Amino acid sequence: MKRRSKKLPLTFFKQPADIVARELIGKILVHDLGTEKLRCRIVETEAYMGPDDLASHSSKGVTNRTKIMFGPPGRAYVYFIYGMHEMFNIIVGEAGKAHAVLLRAGEPLDGWHANLTGPGRLAKAMRIDRSHNGKEIIRGPLHFADDGFRPNQIIATPRIGIDYAKHWVERPLRFIDPASKHVSGKRYKPPAV
DNA sequence: GCATCGATGGTG
DNA sequence: ACCATCGATGCA
């Protein structure tokens, strides 16, 4: 049976990035394309804590690329990297603080067969690209929902691929559902039983 | 299973 | 000259 789900309100996204990143684990990302509705369970996120965070693009200040990060929460920040991948973030926190949450992995729902393990694959499978950059993603076809599911456990680890970020490298700002088989990376192994 | 490498283009 | 990645390749 399918649980009833509710859209997450804007107030949810006004919290700091580390809070939102943790709370998004177990929630649902929805992209309504009209002909079909793509849904996945979020199992991995990362928090980027604003200009002081040396891993965050916002640490470069306001540029053409990062200006969206300094705007109001609830909008998408989608950027292109390594010549082939689009990364999907949501701007959170107070406007101007440039907090953001990167969506790193999800589990396909509704019998959908897709690989959403890793940020590039998640964005591609969910059909999110640079055309969504700056778009409001609370009430529109792209939004987040809560169906009442709660992971048994949520674990924080260091973030992936930010070795240049000095003392921010080891900060536990990556959040995962360790029970999911769709988490990316190799930094966390569940303890052997 | 794990390590290494190259694709490929936006960015400052 | 990098880079919030991924898939292929080599070797075990």
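Values below: all heavy atoms of this structure, side chains included; hydrogens, waters and symmetry mates excluded. The sequence lines fix the lettering, A, B, ..., with proteins before strands; numbering per chain opens at 1. From a predicted model like this one, the values you see are computed outputs, not experimental measurements.
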Using a heavy-atom cut-off of 4.0 Å across all strands, would you classify A:M84 as base, sugar-phosphate, or nothing? base
Would you call A:E94-A:K14 a salt bridge at under 4.0 Å N-O? no
So, A:R104 and A:T45: side-chain donor and acceptor under 3.5 Å apart, yes or no? no
Check each of A:K60, A:R171, A:R159 against A:D53 using the salt bridge (Lys or Arg N to Asp or Glu O under 4.0 Å) test, and report the only one that passes. A:R159
Could you state the NE2-P distance from A:H85 to B:dT11, rounded to the nearest angstrom? 16 Å
Side chain of A:Y164: nearest nucleotide among B:dG10, C:dA4, C:dT5? C:dA4
Could you write out DNA chain C as a dot-bracket string, with dots for unpaired bases, | for bases paired across to another strand, and Watson-Crick or G-U pairs counted at under 3.5 Å? |||.|||||||.
Do A:C40 and A:M126 touch side chain to side chain, with heavy atoms closer than 4.5 Å? yes
Between C:dT5, C:dA4, B:dG10, which one does the side chain of A:Y77 approach most closely? C:dA4
Can A:K27 and A:D147 be counted as an ion pair, charged N to O under 4.0 angstrom? no
Can you list the residues that meet the ring pair (Phe, Tyr, Trp, His ring centres under 6.0 Å) rule with A:F70, with sequence neighbours excluded? none
Is the A:F80 to A:H85 ring centre distance short of 6.0 Å? no
With a 4.0 Å cut-off on heavy atoms, is A:F80 in touch with a base, just the backbone sugar-phosphate, or nothing at all? sugar-phosphate
Counting only side-chain heavy atoms from C-beta out, which of B:dG10, C:dC6, C:dA4 sits nearest to A:R130? B:dG10
For A:D163 and C:dC3, give me the distance from atom CG to atom P, rounded to whole Å. 9 Å
Heavy-atom side-chain contact between A:I128 and A:V78 under 4.5 Å: yes
Side-chain donor-acceptor pair under 3.5 Å between A:T66 and A:T63, yes or no? yes
In whole Å, what is the span from the OH atom of A:Y82 to the P atom of B:dC5? 15 Å
Report the C-alpha separation of A:Y48 and A:H99 in whole Å, then their side-chain angles, then the decisive distance to 0.1 Å, and conclude whether the ring-ring contact (aromatic ring centres under 6.0 Å, His included) test is met. CA-CA 6 Å; A:Y48 288 84; A:H99 281 217; over 10 Å; no
Hey, are A:K124 and A:E86 close enough for a salt bridge, meaning a charged N less than 4.0 Å from a carboxylate O? no
Between A:R150 and A:D146, does at least one N-O distance fall below 4.0 Å, as a salt bridge requires? yes
DNA chain B-proximal residues of residues 92-108 of chain A, any heavy atom under 4.0 Å: none
Would you jot down, in residue-number order, the residues of residues 57-72 of chain A having a non-hydrogen atom under 4.0 Å from DNA chain C? A:H57, A:M69
Pairs involving residues 138-176 of chain A, ordered by first then second residue, that meet ring-ring contact (aromatic ring centres under 6.0 Å, His included) (sequence neighbours left out): A:F13-A:F144
Give the rounded distance in Å between these two atoms: CD1 of A:I81 and P of B:dG12. 12 Å
Sorted by number, residues from residues 42-55 of chain A placing a heavy atom under 4.0 Å from DNA chain C are A:Y48, A:A55
